[in-house]
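See structure below.
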Amino acid sequence: MASIETVTLEVADPTVAHHFCTTAFGLDTQVRLRASEASTAGFRGFALALTVSQPATVNNLIDAALDAGATSLKPAAKSLWGYGGVVQAPDGTIWKVATSAKKDTGPATRQIDDIVLLLGVTDVVASKRFYVDRGLDVAKSFSRVYVEFAAGASPVKLALYRHRALAKDVGVSPDGTGSHGLVIGGDAGPFTDPDGFAWEAASPAHTP
């Protein structure tokens, strides 16, 4: 079974972005950073979602992100599916922090249960077929709306949304131009998917 082994964000200043990831979310090796001067504007077509156990932990991480320089896109709030909020890091990456729980069961922590890379795609069915053909196994599938792939031993799950639906979910305009600012590493690569998301052969972990 193929899976994601690394997620690399292409940013103008990796040192600053690394400080944000560690200060806001305690992420050190799970997300990599690479210097890039590629032009990008507007929605880059993806978001990183952090799944946690309870609303208090959502608030804890969102507050830490805002203190570290993030901008609020959607304040943390209850919804039909649970509780969550969305912020945008200084480097432009969109982060969603959410839980399916609607009530706290203990003190707030900084524990992250899952990291999910959400890709906004033009055609969920076609992209699902593309990834299945490259060895990824489907874990959840909701017709043309959402697909989640099995993570295996990877620290990051991959999921597909419709592009406009993902933009709406994270509170931004769907319009964007230039680089995605993202490179996905795994044993399925190298290739570029139908929406221009680049995969590469995964290499050993490093930090800036």
Side-chain angles (χ1 to χ4, degrees), residues 1-10 31 40-52 58 73-74 76-88 92-102 112-200:
M1 180 186 75
S3 64
I4 293 178
E5 293 182 30
T6 60
V7 171
T8 301
L9 302 177
E10 296 184 323
V31 176
T40 183
F43 183 42
R44 301 198 319 221
F46 76 93
L48 283 162
L50 306 177
T51 304
V52 301
V58 172
L73 296 179
K74 278 191 172 182
K78 290 182 180 179
S79 68
L80 292 175
W81 47 262
Y83 185 87
V86 184
V87 298
Q88 188 166 29
T93 303
I94 294 173
W95 294 85
K96 178 179 180 179
V97 187
T99 178
S100 59
K102 297 188 179 183
I112 295 168
D113 297 331
D114 289 303
I115 305 172
V116 186
L117 173 60
L118 306 173
L119 298 185
V121 301
T122 303
D123 186 329
V124 171
V125 173
S127 291
K128 171 186 172 182
R129 187 181 310 116
F130 177 89
Y131 280 112
V132 167
D133 287 346
R134 278 150 188 81
L136 277 75
D137 290 345
V138 174
K140 300 177 184 177
S141 182
F142 299 95
S143 186
R144 299 179 178 274
V145 178
Y146 177 81
V147 174
E148 184 178 298
F149 296 95
S154 170
V156 182
K157 294 181 180 179
L158 174 67
L160 310 176
Y161 269 93
R162 287 176 296 188
H163 180 91
R164 286 186 174 274
L166 179 57
K168 182 178 180 180
D169 184 61
V170 298
V172 298
S173 165
D175 300 327
T177 59
S179 171
H180 286 302
L182 172 74
V183 179
I184 307 164
D187 47 12
F191 59 80
T192 300
D193 82 359
D195 292 273
F197 291 104
W199 284 63
E200 64 184 7

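The two atoms that bring Gly84 and Val58 nearest to each other are CA-CG1, 4.0 Å, heavy atoms only. Gly120 and Leu166 make their closest contact through N-CD2, 3.5 Å (heavy atoms, listed as atom of the first residue, atom of the second, distance). Counting all heavy atoms, side chain and backbone alike, Lys102 lies closest to Lys78 at O-CE, 4.1 Å. Tyr83 and Ser79 make their closest contact through N-OG, 4.4 Å (heavy atoms, listed as atom of the first residue, atom of the second, distance). Closest of all the heavy-atom pairs between Ala188 and Leu136 is CB-CD1, 4.2 Å. In terms of heavy atoms, Asp187 sits closest to Ser3 at OD1-N, 3.4 Å.
Taken from CD1 in Ile115 to NZ in Lys157, the straight-line distance is 11.0 Å, to the nearest 0.5 Å. Here the straight-line distance linking atom CD of Glu10 with atom CG of Leu182 works out to 7.5 Å at 0.5 Å rounding. Note that CZ of Phe197 and CG of Leu119 are 4.5 Å apart. Values are rounded to the nearest 0.5 Å. How far OG1 of Thr99 is from CH2 of Trp81: 8.5 Å, rounded to the nearest 0.5 Å. If you take CZ on Arg164 and OG on Ser173, they are separated by 7.5 Å, rounding to the nearest 0.5 Å. Rounding to the nearest 0.5 Å gives a distance of 12.0 Å between CZ of Phe46 and NE2 of His163.
Residues Phe149 and Ile4 form no side-chain contact, since every pair of their non-hydrogen atoms from C-beta on lies 4.5 Å or further apart.
Remark: Asp169 pairs with Lys96 by the salt bridge (Lys or Arg N to Asp or Glu O under 4.0 Å) rule, at least two apart or across chains.
Thr122 and Asp195 are linked by a side-chain donor-acceptor pair at a separation below 3.5 angstrom, with hydrogens and angles left out of the test.
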Would you be so kind as to tabulate the donor-acceptor pairs closer than 3.5 Å made by side chains of residues 139-148, with sequence neighbours excluded?
unit_1	atom_1	unit_2	atom_2	d
Ser141	OG	Lys128	NZ	3.1
Tyr146	OH	Glu148	OE1	2.8

Give the C-alpha distance, both sets of side-chain angles, the deciding distance and a yes or no for side-chain contact (heavy atoms from CB on, under 4.5 Å) between Leu9 and Leu48.
CA-CA 11 Å; Leu9 302 177; Leu48 283 162; 4.2 Å; yes

Please report the C-alpha distance between Tyr131 and Val138 in whole Å, then the side-chain angles of each, then the deciding distance to 0.1 Å, and finally whether the side-chain contact (heavy atoms from CB on, under 4.5 Å) criterion is met.
CA-CA 9 Å; Tyr131 280 112; Val138 174; over 6 Å; no

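For an aromatic pair to be called close, the ring centres must be under 6.0 Å apart, and Phe130 with Phe191 satisfies this.
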